[in-house]
**Q** 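Provided herewith is a single structure, encoded as structure tokens, for subsequent inquiry.
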Amino acid sequence: TQLLEQSPQFLSIQEGENLTVYCNSSSVFSSLQWYRQEPGEGPVLLVTVVTGGEVKKLKRLTFQFGDARKDSSLHITAAQPGDTGLYLCAGDPLNYGQNFVFGPGTRLSVLP
Amino acid sequence: GAVVSQHPSRVICKSGTSVKIECRSLDFQATTMFWYRQFPKQSLMLMATSNEGSKATYEQGVEKDKFLINHASLTLSTLTVTSAHPEDSSFYICSARDRRNYGYTFGSGTRLTVV
């Protein structure tokens, strides 16, 4: 069974601060996705990373896929209250028949 | 982009009744859809994988007779919670794979409250 770990599980910061969320596994994934979920809604896809070492930027969010495709990080610059939510990483196993694996999530709260 | 529509968004039902939740892929075909359950402040827990034209695959510990899944077409999967009890109250979310962007598109979720 492939497992994903996320850290920290909870994070409360002030508006304007920077933060990094980590997603780690001992397994290799063909791709990895990051989602953000707001209360009462379904997760929304932020980014998909496919190539080891890949870096993608989405405005103030920077996503990186580890060289070995086992881990990823999400860095938010100058966080805003609108960034508040549950951030989930999800890995697509190398084995096509295996299901998507979700991490436990990082619950971010950005205080004004 | 891919859109998955889930209905209803909220439902309150009495103990012992059944509730059906629909999940539709609006602009793409989904041979496989996934049903998740999410408890407050927790991550998504996969309940079952819905396969078009065949039986669903349930995760360990999920009662197939209680959570009936039907995937009759390439754009529609339904989850029926039968003989609902208060402990079935939860947030249920469906998703489908959009191969155009490698990712999964999620429905907006259904908040089920059993009283």
Side-chain angles (χ1 to χ4, degrees), chain A residues 1-12 21 23 29-51 54 56 58 63 65 69 72 84-109, chain B residues 1-11 21 23-26 28 30-51 56-62 90-113:
Chain A
T1 302
Q2 294 178 285
L3 296 175
L4 278 170
E5 298 178 344
Q6 284 186 245
S7 61
Q9 288 190 327
F10 300 95
L11 186 58
S12 181
V21 175
C23 176
F29 293 94
S30 61
S31 69
L32 198 143
Q33 294 81 38
W34 283 93
Y35 295 82
R36 184 172 75 204
Q37 183 182 24
E38 298 188 20
E41 299 183 11
V44 175
L45 178 66
L46 295 175
V47 77
T48 300
V49 285
V50 180
T51 306
E54 182 177 7
K56 282 191 174 180
L58 183 64
F63 304 86
F65 201 13
R69 291 186 294 157
S72 179
T84 295
L86 177 66
Y87 288 82
L88 297 160
C89 67
D92 204 354
L94 287 178
N95 185 339
Y96 182 79
Q98 291 185 337
N99 285 326
F100 220 43
V101 177
F102 275 94
T106 293
R107 192 164 296 279
L108 172 66
S109 177
Chain B
V3 177
V4 172
S5 175
Q6 185 174 343
H7 293 281
S9 58
R10 293 177 179 271
V11 58
I21 303 170
C23 181
R24 295 179 184 272
S25 57
L26 297 186
F28 66 102
T31 55
T32 304
M33 290 186 176
F34 304 88
W35 287 96
Y36 296 85
R37 185 172 180 175
Q38 187 177 32
F39 291 104
K41 299 185 178 181
Q42 293 188 22
S43 187
L44 305 174
M45 182 186 75
L46 180 65
M47 298 175 64
T49 302
S50 170
N51 303 296
T57 304
Y58 290 82
E59 296 299 301
Q60 191 173 7
V62 178
S90 189
F91 193 55
Y92 293 87
I93 310 174
C94 68
S95 76
R97 183 86 181 263
D98 179 8
R99 301 194 178 280
R100 295 172 293 183
N101 63 12
Y102 294 98
Y104 288 68
T105 301
F106 287 84
S108 55
T110 298
R111 171 73 59 193
L112 171 63
T113 303

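All heavy atoms count here, side chains included; hydrogens, waters and symmetry mates do not.
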**Q** Using atom types as modelled and distance alone, determine if a side-chain donor or acceptor of Tyr35(A) lies under 3.5 Å from a backbone N or O of Tyr104(B).
**A** yes

**Q** For a quick check under 3.5 Å, do Glu5(A) and Ser7(A) share a side-chain donor-acceptor pair by atom type?
**A** no

**Q** Relative to chain A, which of Gln6(B), Arg10(B), Met45(B), Gln38(B) shows the most heavy atom pairs under 4.5 Å?
**A**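 Top option by heavy-atom pairs under 4.5 Å: Gln38(B).
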
**Q** Strictly by modelled atom types, are His7(B) and Ser5(B) linked by a side-chain donor-acceptor pair under 3.5 Å?
**A**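 Result is yes, a qualifying pair exists.
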
**Q** Heavy-atom pairs under 4.5 Å with chain B: which of Pro39(A), Ser30(A), Pro104(A) has the most?
**A** Pro104(A)

**Q** Give, as side chain, backbone, both or neither, the part of Gln9(A) having an atom under 4.5 angstrom from any heavy atom of chain B.
**A** neither

**Q** Answer with yes or no whether the side chains of Ser72(A) and Trp34(A) bring together a donor and an acceptor at under 3.5 Å.
**A** yes

**Q** As an exercise: rank Ala90(A), Gly103(A), Pro43(A) by heavy-atom pairs under 4.5 Å with chain B and give me the winner.
**A**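 Counting heavy-atom pairs under 4.5 Å, the top option is Pro43(A).
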
**Q** If you count heavy-atom pairs under 4.5 Å with chain A, which of Ser43(B), Ser95(B), Gly109(B), Pro40(B) comes out on top?
**A**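 Greatest number of close heavy-atom pairs with chain A: Ser43(B).
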
**Q** Where the side chain of Gln33(A) meets the backbone of Thr48(A), is there a donor-acceptor pair that is under 3.5 Å apart?
**A**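 Absent.
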
